[in-house]
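Computed from heavy atoms alone, side chains included, the values below leave out hydrogens, waters and symmetry copies.
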Amino acid sequence: MIKIWLIRHGKTEGNKYGRYIGVTDEPLCPDGQEFLSKLDYPEPDRVYISPMKRCIQTAQILFPKKSLQIIEELAECDFGEFENKNYKELDGNANYQAWIDSNGTLPFPGGESREEFKRRNLSGFERAIAGCIRGGISQAAFVIHGGTIMNLMEEYADIQKPFYEWHVKNGGGYETVLEEDMWKRGRKELSVKTAIMED
């Protein structure tokens with residue numbers, strides 16, 4: 001049995017103003033850093049992170065003694081034309097309206113499609129889990145992005161919920177458990193134990 005923590009990075013300036021922050025490599029904002037310093041996550045055996053600054057900084061605050069393993073594929077979605085903008089700034093943008101009307105299922109103009117983004121995230125996650133199983137790891141933390149967590153939970157959680165219902169706030173996440181034997185036999189599932197709705 002492996003305990004898996006999926007933790008969303010702390011708050012950035014863009015997050016504060018509701019911007020679509022994907023490939024923009026923003027650092028944490030000061031209140032985001034301060035908030036994280038008050039959290040108390042259990043110490044894992046291994047910490048996996050997205051390559052983005054906001055995830056690296058979050059992991060350094062939450063798990064200062066741990067070395068960090070970067071998994072490139074766990075990075076957030078490329079929001080293309082909507083990158084670093086919020087809904088007010090996109091008001092009147094025909095592409096944005098079409099995306100909203102599609103319930104967020106259309107590809108981001110000039111960015112990734114939901115399918116590309118999800119496939120990339122799942123590939124990186126499964127590679128990390130294979131490493132945990134090989135290494136006999138019993139607790140692992142993934143310090144990643146909101147969209148990445150939603151992809152993983154939609155795919156693997158033992159509770160069936162659509163993508164957007166797995167949203168988690170900055171600093172929050174999910175505690176899950178993975179049974180290695182089942183996973184190796186192709187039944188890839190995360191049992192949801194607790195939701196940590198921080199912020």
Side-chain angles (χ1 to χ4, degrees), residues 4-41 44 47-91 93 95-96 99-100 104 107-114 116-118 120-122 124-125 128 140-154 163-175 195-199:
I4 306 282
W5 293 87
L6 301 176
I7 304 167
R8 187 181 176 197
H9 62 79
K11 194 173 281 185
T12 69
E13 284 297 323
N15 294 151
K16 279 167 71 171
Y17 298 106
R19 298 183 188 282
Y20 291 93
I21 302 294
V23 295
T24 305
D25 203 9
E26 278 196 332
L28 299 175
C29 63
D31 23 331
Q33 293 181 44
E34 186 185 350
F35 179 80
L36 289 170
S37 69
K38 295 172 183 166
L39 301 183
D40 187 26
Y41 278 99
V47 181
Y48 295 99
I49 58 168
S50 149
M52 309 305 280
K53 274 180 201 160
R54 53 198 185 270
C55 293
I56 296 169
Q57 290 178 326
T58 297
Q60 288 170 338
I61 293 169
L62 294 179
F63 309 115
K65 298 175 186 162
K66 305 304 288 186
S67 63
L68 309 176
Q69 301 207 15
I70 292 174
I71 305 279
E72 299 284 340
E73 298 95 324
L74 295 177
E76 181 60 282
C77 189
D78 180 350
F79 294 115
E81 196 180 300
F82 308 157
E83 182 71 34
N84 210 7
K85 297 184 174 76
N86 61 26
Y87 74 95
K88 288 181 184 169
E89 293 162 328
L90 290 163
D91 188 33
N93 179 314
N95 288 336
Y96 186 62
W99 182 79
I100 293 291
F108 292 101
E112 281 182 293
S113 70
R114 274 281 314 283
E116 288 169 328
F117 173 39
K118 185 172 186 177
R120 171 167 65 74
N121 285 171
L122 300 188
F125 184 71
F142 287 75
V143 180
I144 46 181
H145 304 270
T148 307
I149 290 172
M150 292 192 284
N151 275 332
L152 298 179
M153 294 302 280
E154 181 186 48
F163 177 81
Y164 289 107
E165 287 185 30
W166 289 110
H167 177 74
V168 64
K169 294 183 177 178
N170 294 106
Y174 295 99
E175 178 193 358
I196 305 95
M197 295 301 171
E198 299 293 358
D199 200 5

Practice task
Name all residues meeting the side-chain hydrogen bond (donor to acceptor under 3.5 Å, both in side chains) criterion together with Tyr20; count only those two or more places apart in sequence or in a different chain, and write none if there are none.
Solution key: Tyr96
Practice task
Begin from the C-alpha positions of Leu152 and Ile144 and carry the test side chain to side chain contact (heavy atoms under 4.5 Å, CB included) through to its verdict.
Solution key: CA-CA 11 Å; Leu152 298 179; Ile144 46 181; 3.9 Å; yes
Handout entry: Evaluation steps, side chain to side chain contact (heavy atoms under 4.5 Å, CB included), between Tyr174 and Met153
Key = CA-CA 9 Å; Tyr174 295 99; Met153 294 302 280; 3.7 Å; yes
Handout entry: Side-chain heavy-atom pair Phe117, Phe108 within 4.5 angstrom cut-off
Key = no
Handout entry: Test log, rule side chain to side chain contact (heavy atoms under 4.5 Å, CB included), inputs Val143 and Trp5
Key = CA-CA 8 Å; Val143 180; Trp5 293 87; over 6 Å; no
Exercise for the section: Please identify each residue that fulfils salt bridge (Lys or Arg N to Asp or Glu O under 4.0 Å) with Glu73, with sequence neighbours left out. Expected result: Arg127
Fill in the blank from the handout: One should read off an interatomic distance between Arg120 CZ and Cys77 SG, to the nearest 0.5 angstrom, of 7.0 Å
Handout entry: Residue pair Glu13 / Cys29: nearest heavy atoms and the distance that separates them
Key = OE2-CB, 3.4 Å
Exercise for the section: Check side-chain hydrogen bond (donor to acceptor under 3.5 Å, both in side chains) between Asp78 and all other residues, then give those that pass, not counting sequence neighbours. Expected result: none
Handout entry: Side-chain (Asn86) to main-chain (Gly18) donor-acceptor, under 3.5 angstrom
Key = no
Anything under 3.5 Å between a donor and an acceptor, one on a side chain of residues 47-61, the other on a protein residue two or more places apart or in another chain? List them.
unit_1: Tyr48; atom_1: OH; unit_2: Arg46; atom_2: NH1; d: 3.1
unit_1: Tyr48; atom_1: OH; unit_2: Ala128; atom_2: O; d: 3.2
unit_1: Ser50; atom_1: OG; unit_2: Met52; atom_2: N; d: 3.2
unit_1: Ser50; atom_1: OG; unit_2: His145; atom_2: NE2; d: 2.7
unit_1: Arg54; atom_1: NE; unit_2: His9; atom_2: NE2; d: 3.4
unit_1: Arg54; atom_1: NH1; unit_2: Thr24; atom_2: O; d: 2.8
unit_1: Arg54; atom_1: NH2; unit_2: Ile21; atom_2: O; d: 3.3
unit_1: Arg54; atom_1: NH2; unit_2: Gly22; atom_2: O; d: 2.8
unit_1: Gln57; atom_1: OE1; unit_2: Leu28; atom_2: N; d: 2.7
unit_1: Thr58; atom_1: OG1; unit_2: Gly10; atom_2: N; d: 2.9
unit_1: Thr58; atom_1: OG1; unit_2: Arg54; atom_2: O; d: 2.6

Exercise for the section: Let me see the working for Asn151 and Thr148 under side chain to side chain donor-acceptor pair (under 3.5 Å), right down to the final yes or no. Expected result: CA-CA 5 Å; Asn151 275 332; Thr148 307; 5.8 Å; no
Practice task
Give the minimum heavy-atom separation between Ala141 and Ile7, together with the two atoms involved.
Solution key: CB-CD1, 4.4 Å
Exercise for the section: Could you tell me whether a side-chain N or O of Lys11 sits under 3.5 Å from a main-chain N or O of Asp31, the two making a donor and an acceptor? Expected result: no
Handout entry: Sequence-distant partners of Glu81, salt bridge (Lys or Arg N to Asp or Glu O under 4.0 Å), two or more places apart
Key = none
Problem - Non-neighbouring partners of Glu34 that pass salt bridge (Lys or Arg N to Asp or Glu O under 4.0 Å), sequence neighbours left out - result: Lys38
Exercise for the section: First locate atom CG of Asn84, then atom CZ of Arg19, and finally report the distance between them rounded to the nearest 0.5 Å. Expected result: 5.5 Å
Exercise for the section: Heavy atoms only: give me the nearest Pro109-Phe82 pair and the separation to one decimal. Expected result: CD-CZ, 3.5 Å
Exercise for the section: State, to 0.1 Å, how close Gly146 and Glu76 come at their nearest heavy-atom pair, and which atoms those are. Expected result: N-OE2, 3.9 Å
Exercise for the section: Find the distance between CD1 (Ile149) and CG (Leu74) and round it off to the nearest 0.5 Å. Expected result: 10.0 Å
Completion exercise
So CG of Asn95 and CG of Leu90: to nearest 0.5 Å the spacing works out to 9.5 Å
Practice task
Applying salt bridge (Lys or Arg N to Asp or Glu O under 4.0 Å), name anything that partners Lys118, two or more places apart in sequence or on another chain.
Solution key: Glu154, Glu155
Practice task
Can you sort out the partners of Phe125 under ring-ring contact (aromatic ring centres under 6.0 Å, His included), two or more places apart, ordered by chain and number?
Solution key: Phe142, Tyr156
Exercise for the section: Can you sort out the partners of Met150 under side chain to side chain contact (heavy atoms under 4.5 Å, CB included), two or more places apart, ordered by chain and number? Expected result: Phe163, Trp166, His167
Exercise for the section: Check the pair Ile100 / Tyr87 against side chain to side chain contact (heavy atoms under 4.5 Å, CB included), numbers first and verdict last. Expected result: CA-CA 10 Å; Ile100 293 291; Tyr87 74 95; over 6 Å; no
